[in-house]
Amino acid sequence: MLDINLLRNDLDGVVARLAARGFAFDAATFAALEAERKTLQTATQDLQAKRNSVSKQIGIAKSKGEDVAPILAEVENLKGELAANESALSTLQDKLNGLLLTLPNLPHESVPAGDDESGNVEVRRWGTPRSFDFEVRDHVDVGAPHGLDFETGARLSGSRFTLLRGQIARLHRALAQFMLNTQTEEHGYTEAYTPYIVNPEVLYGTGQLPKFADDMFRVERGGTDGQTQYLISTSEISLTNTVRDTILKADELPVKLTAHSPCFRSEAGAAGRDTRGLIRQHQFDKVEMVQITAPEQSYAALEQMVSHAEAILQKLELPYRVVALCTGDMGFSAAKTYDLEVWLPAQNTYREISSCSNCESFQARRMQARFKNDAGKNELVHTLNGSGLAVGRTLVAVLENYQNADGTVTVPAVLQPYMGGLTTIGG
RNA sequence: GGAGAGGUGGCAGAGUGGUCGAAUGUACCUGACUCGAAAUCAGGCGUAGGUGCAAGCCUACCGUGGGUUCGAAUCCCACCCUCUCCGCCA
């Protein structure tokens with residue numbers, strides 16, 4: 001959520017920066033609502049002040065044993081007017097707040113301008129794509145003989161659900177364990193295990209709600225008619241919200257958390273895209289990194305976090321490139337985002353495998369996550385999140401990049417200890 | 001699931017429906033005393049919002065949401081959470 005004071009003081013500037021990311025903000029409507037709010041709030045508070053002082057007089061008069069009937073008659077008139085004002089104000093503030101909740105974050109000044117992914121800027125490349133002396137198969141064909149089973153997944157749960165068994169299932173588990181160990185042991189993240197089902201307000205905190213309800217899976221508890229809850233679409237949600245409604249001490253920052261979790265996405269708007277294979281699933285695993293930092297530290301932390309994600313690909317010896325997303329291609333909550341794209345030989349291209357974002361105070365304001373700064377003031381923290389990495393897509397990259405002519409798959413050296421020493425799948 | 005207890009400021013802990021945003025203690029900050037510290041004394045010390053150039057003034061907040069009332073931390077209803085015991089379970 002944007003700082004409403006920024007909207008009040010520099011509405012044109014906000015409109016321009018939102019336009020840079022392709023968001024058309026109806027500034028006139030906002031300005032009108034805000035003007036209305038101002039007069040209504042002032043009037044309401046005046047009435048409240050009047051009621052409070054009269055009520056106080058009643059108390060004093062009663063304690064002196066005086067007749068309070070005349071004062072009661074006076075306050076009686078206030079009652080209806082005040083109630084009408086209060087409810088109108090509350091409606092208006094809900095409206096204003098609802099509007100504010102739909103505004104995306106402002107892009108950082110260092111973000112390249114652009115309308116869509118064609119405006120993204122490659123920052124660096126690592127590794128050289130392997131040259132194959134046989135016809136490259138995609139991960140679906142490579143994985144099928146070893147336990148990558150799309151038919152059974154679909155039979156149980158529909159399309160975009162997959163069953164893994166045997167050595168593929170183990171490789172999948174090995175990848176997650178390897179990533180989690182690297183992030184905790186080498187990069188200083190604290191391991192976390194989080195709820196996968198969360199309350200709606202948590203999703204408001206990180207920005208999935210109210211705008212992206214269609215991307216989520218909703219769940220209802222059997223035997224109750226309680227509130228709807230949601231399956232997390234990333235553990236960024238549960239990890240970042242660990243600091244909601246809290247005031248951290250300055251020396252507690254940065255908070256660095258990581259978790260391995262499943263991610264559930266309805267992929268409502270993705271009909272027909274990436275239908276083959278593991279690339280786009282309703283359920284996939286991810287090792288997520290989250291940092292909660294002081295504002296001055298967040299951009300340095302973003303660079304570090306990208307390097308933490310890169311370390312996984314480097315250890316796996318998978319070629320990749322780092323891309324700075326342009327203003328038009330960034331997610332709702334992000335002020336700046338780097339994507340990591342891994343080389344997929346069957347597609348002959350780089351595909352997204354990690355996304356690292358600095359959300360600045362955007363999520364913190366929604367969550368009311370603050371810290372006591374050096375001046376002793378409560379200040380909003382900055383929040384960052386990044387994949388380190390998406391496990392399913394990493395599995396795709398390993399299967400494709402490490403495939404052999406005879407249909408076997410070489411196990412990357414760093415994963416062999418996690419595979420009981422196995423060096424070749426299907427060997 | 002059953003029975004009971006409870007949720008008030010950083011923490012502890014008061015609070016007959018009426019100058020209660022909230023006693024008191026403790027922690028913390030500032031000053032005095034001291035060579036310095038401790039102890040002691042004095043003062044300060046919540047969050048959010050509105051308004052104003054500012055000093056300030058005003059509003060809201062005692063788990064959450066409703067309700068009663070001129071007035072609610074206090075009364076009523078619903079919900080959430082915590083603790084104890086029992087049951088059931090992984």
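Convention: sequence-line order gives letters A, B, ...; per-chain numbering from 1.
The nucleotide B:A38 finds no pairing partner, because no Watson-Crick or G-U wobble arrangement with both distances shorter than 3.5 Å includes it. Across all strands shown, nothing is found opposite B:A23 as a Watson-Crick or G-U wobble partner with both distances under 3.5 Å. Remark: B:C89 base-pairs with no nucleotide; criterion is Watson-Crick or G-U wobble with both hydrogen-bond distances under 3.5 Å. Nucleotide B:A55 forms no Watson-Crick or G-U wobble pair with any nucleotide shown, as no partner meets the under 3.5 Å limit on both distances. The partner of B:G46 is B:C61, judged by Watson-Crick or G-U wobble contacts that both fall below 3.5 Å. Base pairing of B:G4 is made with B:C83, judged by Watson-Crick or G-U wobble geometry with both donor-acceptor distances under 3.5 Å. The nucleotide B:G17 finds no pairing partner, because no Watson-Crick or G-U wobble arrangement with both distances shorter than 3.5 Å includes it.
Looking at the side chain of A:Lys79, the nearest of the listed nucleotides B:C70, B:A48, B:U59 is B:C70. Closest approach to the A:Asn378 side chain among B:A48, B:G21, B:G50 is made by B:A48 (side chain taken as heavy atoms from C-beta onward). Looking at the side chain of A:Arg8, the nearest of the listed nucleotides B:C58, B:A48, B:G49 is B:G49. The side chain of A:Arg37 sits closest to B:U51 out of B:U51, B:G18, B:U59.
Look at the P atom in both B:C81 and B:G43: the space between them is 45 Å, to the nearest Å. Comparing B:G17 with B:G13, their C1' atoms are spaced 22 Å from each other, to the whole Å. With P as the reference atom, B:A14 and B:G31 are 35 Å apart, rounded to whole Å. For B:U47 and B:A54, the C1' atoms lie 23 Å apart once the distance is rounded to whole Å. Across B:A5 and B:G10, the matching P atoms stand 28 Å from one another, rounded to whole Å. Rounded to whole Å, the C1' atom of B:G15 lies 8 Å from the corresponding atom of B:U74. When the C1' atom is compared between B:U19 and B:G6, the two are found 31 Å apart, to the nearest whole Å. Across the C1' atoms, B:A23 and B:C75 are found 23 Å apart, a figure rounded to whole Å.
Using a 30° and 60° split on the angle between ring planes, A:Tyr418 and A:Phe178 fall in the perpendicular class, above 60°. Taking the six-membered ring where tryptophan is involved, the planes of A:Phe23 and A:Phe25 are tilted, since the angle between them lies from 30° to 60°.
Two rings, from A:Phe362 and A:Phe332, have their centers less than 6.0 Å apart.
Each of A:Gln48 and A:Gly59 has a nearest nucleotide on RNA chain B; the 5'-most of these lies closest to A:Gly59. Nearer to the 5' terminus of RNA chain B, by closest-nucleotide assignment, is the contact made by A:Gln41 (compared with the other of A:Gln41 and A:Ile58).
Note on A:Arg276 versus A:Asp141: salt bridge recorded, some NZ/NE/NH1/NH2 to OD/OE distance being below 4.0 Å.
For the pair A:Arg370 and B:U47, the criterion of a side-chain N or O lying under 4.0 Å from OP1 or OP2 is not met. The shortest distance between the side-chain N/O atoms of A:Asn52 and the OP1/OP2 oxygens of B:G71 is not below 4.0 Å. Using a 4.0 Å cut-off, no side-chain N or O of A:Lys38 falls inside it from OP1 or OP2 of B:G50. For the OP1/OP2 pair of B:A60 and a distance below 4.0 Å, the side-chain nitrogens and oxygens of A:Arg51 include at least one atom meeting the criterion. The phosphate of B:G18 (OP1 or OP2) has no side-chain N or O of A:Lys62 nearer than 4.0 angstrom.
Rounded to a whole Å, the CG atom of A:Leu89 is 11 Å from the P atom of B:G50. One interatomic measurement links the two molecules: CD of A:Gln45 to P of B:G49, which rounds to 12 Å at whole-angstrom precision. Distance A:Leu40 CG to B:U51 P: 12 Å, rounded to the nearest Å. Atom CG of A:Asp374 and atom P of B:C29 are 15 Å apart (whole Å). Residue A:Ile247 contributes atom CD1, which lies 7 Å from atom P of B:A48 at whole-angstrom precision. The CG-P distance, from A:Asp245 to B:U47, rounds to 15 Å in whole Å. Put simply, CG on A:Asn97 is 13 Å from C1' on B:G49, counting in whole angstrom units. Rounding to whole angstrom units, NZ of residue A:Lys372 and C1' of B:C28 are separated by 11 Å.
Within the 3.5 Å criterion, the main-chain N or O of A:Gln93 finds no donor-acceptor partner in the side chain of A:Arg37. Between the side chain of A:Asn120 and the backbone N or O of A:Val323, no donor-acceptor pair lies under 3.5 Å.
The number of heavy-atom neighbours closer than 6.0 Å to CG of A:Asp46, taken from other residues, nucleotides and ligands shown, is above 12.
Partner of A:Leu316 under the side chain to side chain contact (heavy atoms under 4.5 Å, CB included) criterion, chosen from A:Val414, A:Val342, A:Asn401: A:Val414.
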